[in-house]
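Down below is the structure, laid out as structure tokens.
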Amino acid sequence: MERGNHTVREFILLGFTTDPVMQLVLFVLFLGVHCATLLGNTTLIVLICNDSRLHTPMYFFIGNLSFLDLFYSSVYTPKILLTCISEDKSISFAGCLSQFFFSAGLAYSECYLLASMAYDRYVAISKPLLYAQVMSRRLCICLVLYSYTGGFVNAIILTSNTFTLDFCAGNVIDDFFCDVPPLVKLACNVNDSYQYVLYFLLASNVITPTLLILASYSFIIAAILKIRSAQGRLKAFSTCSSHIISVTLYYGSILYIYSRPSSSYSLSRDKMVSTFYTVLFPMLNPMIYSLRNKDVKAALRKLFKLAQTEV
């Protein structure tokens, strides 16, 4: 193969294993996870749209998070399933670029959206009397639009810089999707400027939202400590617990993968971590935001009763 990425027509995705039996096991496993992701996120969106008690800013953001996770999972899982059962492990250069772009855009958008949700919790706990006024519908819509705009603008920067690299080390990607670490391993002209781009994107899309989240929770903790009753403090904290779990899991895995120099990438280890935030995390989000949520469980019971009545 000649030097230069313009000669690369397709990439080969090695996936997780070449063992046919294990590939079948993984196909069943990932199919189950994907079905659970689609069912959980779709159900949560339907509940939020149909139940008037859930027409609040907090559930507006949760609904948008579920909407984002639906597409986030769909960027990866169909190709993973196809790779597991097909002898053809290839993905076209355009297909790899598209998958890379949308995965980066949705991942960055989720970072911003989680930061917006932290601000929503700060207003709800620190300024409860002004909550409806501050978190207006216009502001909520703007925060969601800014999340997607910021995410995809930065995805354009990352994609354009990555796919102008010279992939002279072959076209075999030791991963199940097109991501930064395996593509960098194939490139022969990764210089300091590209590493600076990665650090800039990490700072703008992960570090900055993380700092905003930490700032929001510092004010939240201060407000909770001012609540006199232990029951009141516990109730206030419980409204944030789901978001804290979600942020910890998502940001932890993202920081682990992308905060290190490209020279220290370990594809086998990174593959397992990236599986969590690309495939498993979109399935877990509906559970995190619904299992301990009385309003969501009440809306679900109401939906089941309505379905039984119609039947």
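Here the straight-line distance linking atom CG of Leu65 with atom CG of Leu44 works out to 8.5 Å at 0.5 Å rounding. In this structure, Ile220 CD1 and Thr239 OG1 are separated by 7.5 Å, a value rounded to the nearest 0.5 Å. Atoms CG and CE, from Leu38 and Met283 in turn, are 12.0 Å apart once rounded to the nearest 0.5 Å. Rounding to the nearest 0.5 Å gives a distance of 9.5 Å between CD1 of Ile224 and CG of Leu234. A distance of 8.5 Å separates OH in Tyr251 from CD in Glu110, rounded to the nearest 0.5 Å. A distance of 10.0 Å separates CD of Gln99 from OG of Ser92, quoted to the nearest 0.5 Å.
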Can you check ring pair (Phe, Tyr, Trp, His ring centres under 6.0 Å) on Phe200 and Tyr196, steps first, answer last?
CA-CA 6 Å; Phe200 165 75; Tyr196 292 149; over 10 Å; no
Side chain to side chain contact (heavy atoms under 4.5 Å, CB included) between Ile173 and Ile12, worked out
CA-CA 6 Å; Ile173 296 177; Ile12 306 299; over 6 Å; no
Step-by-step side chain to side chain contact (heavy atoms under 4.5 Å, CB included) determination, Met117 to Ile62
CA-CA 8 Å; Met117 294 171 72; Ile62 292 175; 3.9 Å; yes
Test log, rule side chain to side chain donor-acceptor pair (under 3.5 Å), inputs Asn285 and Ser66:
CA-CA 7 Å; Asn285 258 340; Ser66 290; over 6 Å; no
Going through the distances and angles, do Leu31 and Cys35 end up as a side chain to side chain contact (heavy atoms under 4.5 Å, CB included)?
CA-CA 6 Å; Leu31 180 61; Cys35 290; 4.2 Å; yes
Give the C-alpha distance, both sets of side-chain angles, the deciding distance and a yes or no for side chain to side chain contact (heavy atoms under 4.5 Å, CB included) between Val123 and Leu130.
CA-CA 8 Å; Val123 176; Leu130 299 175; 5.9 Å; no
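Among pairs with a residue in residues 78-90, those fulfilling side-chain hydrogen bond (donor to acceptor under 3.5 Å, both in side chains) read Asp88-Ser90, at least two apart in sequence or across chains. Applying the salt bridge (Lys or Arg N to Asp or Glu O under 4.0 Å) definition to pairs two or more places apart or across chains, those involving residues 49-75 are Asp51-Arg53. Identified under the ring pair (Phe, Tyr, Trp, His ring centres under 6.0 Å) test for residues 40-61, with sequence neighbours left out: none. For residues 209-226, the side-chain hydrogen bond (donor to acceptor under 3.5 Å, both in side chains) pairs, not counting sequence neighbours, are Tyr217-His243.
Residue-environment remark: CZ (Phe219) stays at or below the threshold of 12 foreign heavy atoms within 6.0 Å. Heavy-atom neighbours of Phe102 CZ from other residues, nucleotides or ligands within 6.0 Å: at or below the threshold of 12.
When all heavy atoms of Ala104 and Leu158 are compared, the closest pair comes out as CB-CD2, 4.1 Å. The nearest pair of heavy atoms linking Phe100 to Thr162 is CZ-OG1, 3.6 Å. Across all their heavy atoms, Cys111 and Pro209 have their closest contact at O-CB, 3.8 Å. Closest of all the heavy-atom pairs between Tyr72 and Ser103 is CE1-O, 3.6 Å. Nearest approach of Ile213 to Ala118, heavy atoms of both residues: CG1-CB, 3.9 Å. Between Asn154 and Ser204, the shortest heavy-atom distance links the atoms OD1-OG, 3.6 Å.
Separation of the Tyr108 and Tyr112 ring centroids does not fall under the 6.0 Å cut-off.
Contact check for Ser74 versus His34: side-chain heavy atoms found under the 4.5 Å cut-off. A 4.5 Å side-chain heavy-atom check between Asp175 and Phe177 finds at least one atom pair inside the cut-off. Looking only at side-chain heavy atoms (C-beta outward), Ile288 and Leu249 come within less than 4.5 Å of each other. At least one side-chain heavy atom of Val180 sits less than 4.5 Å from a side-chain heavy atom of Leu198.
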Output a table of donor-acceptor pairs, distance under 3.5 Å, between side-chain atoms of residues 133-153 and any protein atom two or more places apart or on a different chain; print 'none' if there are none.
{"unit_1": "Ser136", "atom_1": "OG", "unit_2": "Leu139", "atom_2": "N", "d": "3.3"}
{"unit_1": "Ser147", "atom_1": "OG", "unit_2": "Leu143", "atom_2": "O", "d": "2.8"}
{"unit_1": "Thr149", "atom_1": "OG1", "unit_2": "Leu145", "atom_2": "O", "d": "2.8"}

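If you chain together hydrophobic residues whose side chains sit under 4.5 Å apart, Phe30 and Leu24 never meet in one group. Hydrophobic cluster membership differs between Ile80 and Val172, with clusters built from Ile, Leu, Val, Met, Phe, Trp and Tyr side chains linked at under 4.5 angstrom. Hydrophobic clustering of Ile, Leu, Val, Met, Phe, Trp and Tyr side chains at less than 4.5 Å, counting indirect connections, unites Leu70 with Met287. Under a hydrophobic-cluster definition in which Ile, Leu, Val, Met, Phe, Trp and Tyr are linked whenever side-chain heavy atoms come within less than 4.5 Å, directly or via other members, Leu97 and Leu183 are assigned to the same cluster. A continuous path of hydrophobic side-chain contacts links Ile45 to Leu47 [ILVMFWY only; heavy atoms under 4.5 Å].
The aromatic rings of Phe11 and Phe93 lie parallel to each other, their planes meeting at an angle below 30°, with 60° marking the opposite boundary.
Between the Thr164 side chain and the Asn161 main chain, a donor and an acceptor come within less than 3.5 Å of each other. When atom types are taken as modelled, the side chain of Ser73 and the backbone of Val279 share no donor-acceptor pair closer than 3.5 angstrom. The backbone N or O of Arg228 lies less than 3.5 Å from a partner atom in the side chain of Arg233, making a donor-acceptor pair. Within the 3.5 Å criterion, the main-chain N or O of Pro282 finds a donor-acceptor partner in the side chain of Asn41.
Listed by chain and number, the residues in a disulfide (SG to SG under 2.5 Å) with Cys178 are Cys96 (sequence neighbours excluded).
Among the candidates Ile244, Ile221, Ile125, Ile227, the single residue satisfying the side-chain contact (heavy atoms from CB on, under 4.5 Å) test with Phe237 is Ile244. The side-chain contact (heavy atoms from CB on, under 4.5 Å) test with Phe176 is passed by exactly one of Leu14, Thr278, Leu13, Leu26: Thr278.
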